[in-house]
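Worksheet: the structure to be examined is printed underneath.
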Amino acid sequence: MSEIHEAASLIGTRRPEPCNIVIFGASGDLTKRKLLPALAHMHRWNLIGPESKIIGVVRERWDRSHWVNYVHDQLLNFFPDAVLNPPSWRRIAEKLDVVHGDLGEAELYRKLKAALRTSEGKCNAMFYLAIPPDWHERVAIHLREAGLADEGEGFRRIVVEKPFGTCLRTAKELNAKLLRNFKESQIYRIDHYLGKESVQNLMVFRFANAVFEPMWNRNYIDHVQISVAESLGVEYRALYYDKAGALRDMIQSHLLQVMSLVAMEAPVSLDARAIRDEKLKVLKSVRKIRPDEVDKYAVRAQYATGVVDGEKSAGYRDEPMVDPASTTETFAAVKVFVDNWRWHDVPFLLRTGKKLPARVSEIAIRFRKPPQNLFARYSKETPCNELIFRLHPDEGMVYTINAKQPGLAPELRKLHLDAPYSVPGMGAPEAYETLLHDVLLGEATLFASGSEVEESWRIVQPILDAWQEKKEVQLYSAGSWDVPGIARLMEGCEGDWRDLSVDSTHEFHTLS
Ligand code: BG6
């Protein structure tokens, strides 16, 4: 990463106070893949001051030198730049400390308390729970009992990873349990989609440009499609995934959060509370799906054997640690309506799946057709204009318009006004980096409130209930877009599901 990039990306960045960054689950997967690289990157940008500590909490009997070597090796894999420069690595290593013990025993928390560093008269701490959800409550209780939730000496913040509950009831219980030990303002519920640059850009696009606002409603928009297609399968996460499925794993959290940003009203300010209130209103307005409507508004499917990237690919039920009779969905699509003045009767179509032919994520706003096809003699139809926010690959925005095909007849062709998001020579922070930085600053805008999480569960709960009753699931071949049943969700919408194949997302013509 060049110096220019570093300097440019830091404009306007606030530097957090020194803090004890405590990672529960420090030897786990999330820590090595996401948290350590994000922290090392922040360190490089001088966003973790010299007085801060990074304390790993592990079950294994690791001493400090073991932890330092472990972090070194993981960074070598996932962010080699951090360790290849010895002076920079030494500065990271100086901040590392480890505490080992049993999460269920008070002794661990006494040791942790003793390990916290006080700097400039303050003992700030962030507790990141990168541990299985059934531990969240117990850890929160122990932290409070050890006096670690008390903000007398500095701020104390607890970061909770998804899954946040497994249904509406358990999410409510978890919220209540956390709130018995920490205040809402101390709790940061991570949804890493909110940390993605292109998702944040959606808010800027909507509220820093006046031109689209008059069209951002039921009068001009036919429907909205939010899609996250993944080419990977369940990988090493079957133990979790086979109980969760795509609806819980992606739609209840990421896709509904993205939808609330698309649909929300302008907040009165950029304060966390103002933004969360607007998002919550959207979620509260989502029409309840009755049990007898589930088949009309939701589709689930599971990948069977197929071919991905030219290689034969196993079916979901043959994946390691998956129940061979599993009916867990690896693909889910849902059609919801936001019943308010702006969006009444505009479908929001949300879909996500694993082992699809490509990794593509996007938000597509499809506008209504012109009232009359004046060019019917030359072109069978006038395609709808679309505004697409690409989250992956090639973050950016594309607006499709109809123009004349050069020639003697007024035939139509589709043009794409393509605005790539990236700036040459200037990278963008990873989602986890943005989110960790915000926790350190006490900035909660990009985190879901307890009420938002509960509302999202309310939306998907009837579908979960209906699917639990069903004994069978439709299959799609790994590596194919052809998922049975999804066409019926397009009823009443203009056109088809967008073609997500990478080729078509790259096939943009630029007017410049
Ligand atoms: C996670 C899900 O929250 O998001 C995974 O648990 C999914 O199943 C991942 O693969 C997708 O995130 P991204 O950033 O790769 O789109």
Side-chain angles (χ1 to χ4, degrees), residues 25 28-35 37-38 78 128-133 159-166 171 188-202 225-259 261 300-303 308 313 316 319-322 326 328-333 350-363 389-396 421 428-436 446-448 452-453 456-457 460 478 500 502 505:
D29 205 62
L30 182 76
T31 303
K32 67 181 178 199
R33 283 174 199 275
K34 298 289 182 191
L35 303 183
F78 295 103
Y128 198 113
L129 308 193
I131 47 177
V159 185
V160 187
E161 266 289 334
K162 73 176 252 289
F164 199 84
T166 52
Y188 291 74
R189 297 172 191 81
I190 287 249
D191 185 312
H192 79 277
Y193 266 57
L194 296 179
K196 286 181 187 267
E197 280 281 310
S198 40
V199 173
Q200 292 170 60
N201 182 45
L202 183 63
Q225 293 185 22
I226 301 176
S227 311
V228 177
E230 297 185 88
S231 50
L232 289 179
V234 68
E235 305 294 290
Y236 50 89
R237 298 166 67 224
L239 273 184
Y240 149 74
Y241 196 88
D242 204 34
K243 291 203 199 84
L247 185 65
R248 286 190 177 90
D249 185 46
M250 296 292 290
I251 294 189
Q252 180 276 330
S253 47
H254 308 321
L255 275 76
L256 282 171
Q257 279 290 324
V258 171
M259 186 192 89
L261 290 174
R300 71 168 175 174
Q302 186 188 76
Y303 62 80
V308 180
S313 171
Y316 176 71
E319 301 274 20
M321 287 182 292
V322 170
S326 172
T328 299
E329 77 285 357
T330 57
F331 178 99
L350 318 177
R351 66 173 157 166
T352 183
K354 294 201 184 282
K355 281 275 164 124
L356 293 170
R359 181 173 170 220
V360 186
S361 313
E362 61 163 46
I363 303 157
F389 296 85
R390 276 195 317 260
L391 313 189
H392 190 90
D394 306 332
E395 298 183 331
Y421 178 70
E430 277 282 319
Y432 273 93
E433 206 175 317
T434 304
L435 296 173
L436 285 168
L446 299 180
F447 298 83
E452 283 174 71
V453 171
S456 307
W457 280 113
V460 299
L500 295 181
V502 173
T505 50

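Atoms within each ligand, like the ligands themselves, are counted from 1 in listed order.
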Set of salt bridge (charged side-chain N to carboxylate O under 4.0 Å, His left out) partners for Lys196, sequence neighbours left out: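 Applying salt bridge (charged side-chain N to carboxylate O under 4.0 Å, His left out) to Lys196 gives none.
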Any residue meeting salt bridge (charged side-chain N to carboxylate O under 4.0 Å, His left out) with Glu430, in chain and number order, not counting sequence neighbours: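 If we apply the salt bridge (charged side-chain N to carboxylate O under 4.0 Å, His left out) test to Glu430, skipping adjacent residues, there are no hits.
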Just the distances, no angles: every ligand 1 N or O to protein N or O pair closer than 3.5 Å, one line each.
residue, atom, partner, partner atom, Å
ligand 1, 3 (O), Lys162, NZ, 2.8
ligand 1, 3 (O), His254, NE2, 2.7
ligand 1, 6 (O), Lys162, NZ, 3.0
ligand 1, 6 (O), Arg237, NH2, 2.8
ligand 1, 6 (O), Asp249, OD1, 2.6
ligand 1, 6 (O), Asp249, OD2, 3.3
ligand 1, 8 (O), Arg237, NH1, 2.9
ligand 1, 8 (O), Asp249, OD2, 2.5
ligand 1, 8 (O), Lys354, NZ, 2.9
ligand 1, 10 (O), Glu230, OE1, 2.5
ligand 1, 10 (O), Glu230, OE2, 3.2
ligand 1, 10 (O), Lys354, NZ, 3.2
ligand 1, 12 (O), His192, NE2, 3.2
ligand 1, 14 (O), His192, NE2, 2.8
ligand 1, 14 (O), Lys196, NZ, 2.6
ligand 1, 15 (O), Arg359, NH2, 3.2
ligand 1, 16 (O), Tyr193, OH, 2.4

Partners passing ring-ring contact (aromatic ring centres under 6.0 Å, His included) against Tyr303 (at least two apart in sequence or in another chain):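 In terms of ring-ring contact (aromatic ring centres under 6.0 Å, His included), with neighbours along the sequence ignored, Tyr303 is linked to Tyr316.
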Sub-4.5 Å side-chain heavy-atom contact between Thr330 and Lys355: no
Whether His254 and Tyr193 hold their rings parallel, tilted or perpendicular, with breakpoints at 30° and 60°: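 His254 and Tyr193: parallel rings.
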Salt bridge flag under 4.0 Å for residues Glu230 and Lys354: yes
